[in-house]
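Letters A, B, ... mirror the listed sequences (proteins, then strands); counts begin at 1.
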Amino acid sequence: MTQGDAVEEHEWGPAPVEVGADPTERLLAELNPPQRAAVTHGEGPLLVLAGAGSGKTRVLTHRIAYLVATGMAHPGEILAITFTNKAADEMRERVERLVGGVSRLMWVMTFHSACARILRREAPRLGYKGTFTIYDQADSLRMVKRAMNELEVDPKRFPPRTVQSQISDAKNRLIDSVEFRDQQGSFFEETVADVYEMYERRMHAANAMDFDDLLVRTVNLLELFEDVRERYQQAFRHVLVDEYQDTNRAQYRLLQLVSAIHGNLFVVGDDFQSVYGFRGADIRNILEFERDFKDTEVVKLEQNYRSTQTILSAANAIMANNRGQKEKRLWTDVGEGVPVTISELTDEHAEARYVAGEVERLATEEGVARTQIAAFYRTNALSRVLEDTLVRYDVPYQVIGGTKFYERAEIKDAIAYLNVLVNPDDAISFARIVNSPRRGIGQTTQARLLSHANTNGISPLEAAESVARVPGLGPGAVKAVSRFAEMIASLRQRSEAEPPVAGLLEAVLSESGYLDALEAERTVEAEGRVENLNELVGVAGEFDANRAVEGPSEISPLDEFLQQISLFSDQDQMRRDDELVTLMTLHNAKGLEFDVVFMIGCEEGVFPHPRSVEEGNLEEERRLCYVGVTRAKRHLYLTSARERNLYGARGYNLASRFLGEVPDQLVERQVAQSQPSGWSLGGGGLGGGVAPPQPRPAVELGVGDDVIHASFGEGIVTAVEPGSVVVVRFAGDNTERKLMADYAPLRKAS
DNA sequence: TGCTTCACCATTTTT
DNA sequence: TGGTGAAGCA
């Protein structure tokens, strides 16, 4: 907290909105009538059904500002919850713009951050230490496997991922292992119940919580301890929730608990955009809100400020095929716009060429910025052909999603070292680092350490510290383990002296031998990993700097750093400044908007996904389609391919049923003439929307040449294949790509 | 202990 | 088609 903010804190009240006249006037001036009704709502629950592009974030931020400006709430009494860090950041920023620095007193954060914050203080009540570690899905999966291993459950018959997801589902529904067992009948489920129980026990012993635990344990806390419950119920006079349709049972219960005294629950959502059912989101939470919270008022936002009427009509028509939903019809006053283009191509290559060609045509002939163009697909696998084609057409693009920074092995390793320093009970992090880098502590040794730890009720680290007492270890293993234990002990001493996190991290990386081992590899991959680790050190340095400004807090810097990054994912990696076309899954597209949207792979067998159809989730697929369609502001393209390689086999598919649900009068249809596919660029019909770049005389490239690519940057040629294809490994993202030497924007580095 | 080969299998994934 | 994970060998 800076000096300036401290001053503003004392001056809170009518925030710096307007001097003189009614301070709320300007806030309300920018709103349409239903928006205004929502913002000026008095006390009691309110459900805002906010259609796509209807200004829901505006309503939320203005509502918060309104509460502050009218004195209905002190900033410190406001809890505003989102699902993503990105949404929370955006909301905080926009609120700050409206009310100024007092926004710092508000709790504007994700469900998980809010829960983690509460649990850091209160976890001892539940028998956890305040320094608990937060496990991501991968860590949690390891723990599931470990529990299964301990119970001798065959992973062939019980896929760990399935078991994990059943446990997670149960937690999302607030069903603990005891209740889970009671409800189950089949042998399979009995076994899952066993694993669930063991998993919980081991998680607790490791002083660790998975993402679901953050919610569930907070609910437990509030239900079990009246004083804690009342404290938070009193504290949060107004509770606001974004994307309410995505809440699961645990989140629902949490909101119910936390808003019980004041009853001011303000939720904004769109049942049409509920696409996370597979993760436990329960669409009933929004459909039955009025029943669950007495005297709820409902406001519908149906005016859309994003898309043309054509696009909205298409979206409405698609959704008319779903049942059990809140009646809602989007409209706009921006006009009809151009028809939806539906194109049927011969195969995925033609489809990709079509998209690439149209992108270039739009960019060069119609002046559409490439940042305003996106392509969505149902499954990540569909991006590959499109990417290859965009490269060949020299169209710069970015892919959102994919491998995340914090999921990279080297980053997870580094964090695991820090986890062990803060939380010595953390068995999963221990396992991660004990033999990484290689120090001769192999599987057998690890298994013996672990079983010794489990039978004696101590942590693996403690077992390592008294390795002499572990039975069955050879002298070599004993020596390696005790050296490891000593190294950790010395690092822990260092961490307790509270140095900056960045310095500690550097010490960890060098003293553990991790960096040395990477450098000894002398490969491009290893180099990239070192770079990533440097980036992590940079993140830590930034954290240290911010912390120095904000002053001390009750928990240690390292602890705070770990909590922050464990709940941070780099979803907000998207760049909007460069001239890049954006590629992503339909799920990732939620909340975004683009002038031009391509939805590729609109075929039966792809979208709707056959698995969803099997499982009776067609309506959710249709909502996903709705989400995709409503991202488009001006022009929507829906493409399908008659045949496509999927999982190595050729598949022949009909166009998606969703295409048929768009009324003909809104559509301009294009059907490809049969044309050969493959490497031949251009040609007639579709896919030749724009002439491909003329072949240049081949650049003489050989293995080992350093090259520079217009969008991928520096790389090295690792192979040359017939047909003037070169394989280049790029330093930037460490991937190998096959490029057409004649077409790729590639030149030899000097 | 650790590397290599082989078989398998396969949505979506805010935290 | 390609990435992952478990058994087999040096």
Do you see a donor-acceptor pair shorter than 3.5 Å between the side chains of [X] and [Y]?
X: A:Asn149; Y: A:Arg146; value: no
X: A:Gln273; Y: A:Arg623; value: no
X: A:Arg253; Y: A:Gln256; value: yes
X: A:Thr131; Y: A:Asn423; value: no

Presence of [X] side-chain N/O under 4.0 Å of [N] phosphate oxygens OP1/OP2:
X: A:Tyr244; N: B:dT14; value: no
X: A:Thr585; N: B:dT13; value: yes
X: A:Asn85; N: B:dT14; value: no
X: A:Asn380; N: B:dT12; value: yes

**Asked** Which distance, rounded to the nearest 0.5 Å, do you find between the CZ of A:Arg173 and the OG of A:Ser168?
**Response** 10.0 Å
Output the single nucleotide from [options] whose closest atom is nearest the side chain of [X].
X: A:Ser612; options: C:dG2, B:dT11, B:dT15; result: B:dT11
X: A:Phe83; options: B:dT15, B:dT11, B:dT14; result: B:dT14
X: A:Arg384; options: B:dT14, B:dT15, C:dG2; result: C:dG2
X: A:Lys590; options: B:dT14, B:dT15, B:dT12; result: B:dT14
X: A:Phe211; options: B:dT11, B:dT15, B:dT14; result: B:dT15

**Asked** B:dT12 and C:dG5: how far apart are their P atoms, nearest whole angstrom?
**Response** 15 Å
**Request:** Please state the P separation for the pair C:dT4 and B:dT13 - nearest whole angstrom.
**Result:** 16 Å
**Prompt:** Atom CD of A:Glu407 and atom P of B:dT15: how far apart are they, to the nearest Å?
**Reply:** 10 Å
**Message:** How many whole angstroms separate atom CD1 of A:Ile565 from atom C1' of B:dT15?
**Reply:** 14 Å
**Request:** Indicate, with a heavy-atom threshold strictly under 4.0 Å, whether A:Arg378 touches base, sugar-phosphate, or nothing.
**Result:** base
**Request:** Check the surroundings of atom CZ in A:Arg650: do more than 12 heavy atoms from other residues, nucleotides or ligands lie under 6.0 Å from it?
**Result:** yes
**Message:** Is it true that, when you exclude A:Arg284 itself, more than 12 heavy atoms of the residues, nucleotides or ligands shown sit nearer than 6.0 Å to its CZ?
**Reply:** no
**Request:** Over 60° means perpendicular and under 30° means parallel, so classify the ring planes of A:Tyr128 and A:Phe132, tilted if in between.
**Result:** perpendicular
**Item:** Neighbours of DNA chain B within residues 272-282 of chain A, by heavy-atom distance under 4.0 Å
**Value:** A:Tyr276, A:Phe278, A:Arg279
**Item:** Pairs satisfying ring pair (Phe, Tyr, Trp, His ring centres under 6.0 Å), at least one member in residues 609-628 of chain A, at least two apart
**Value:** A:Phe272-A:Tyr626
**Request:** Any chance you could list the contact pattern along nucleotides 1-9 of chain B? Use B for base contacts, S for sugar-phosphate-only contacts and - for none, protein heavy atoms under 4.0 Å, 5' to 3'.
**Result:** SSS------
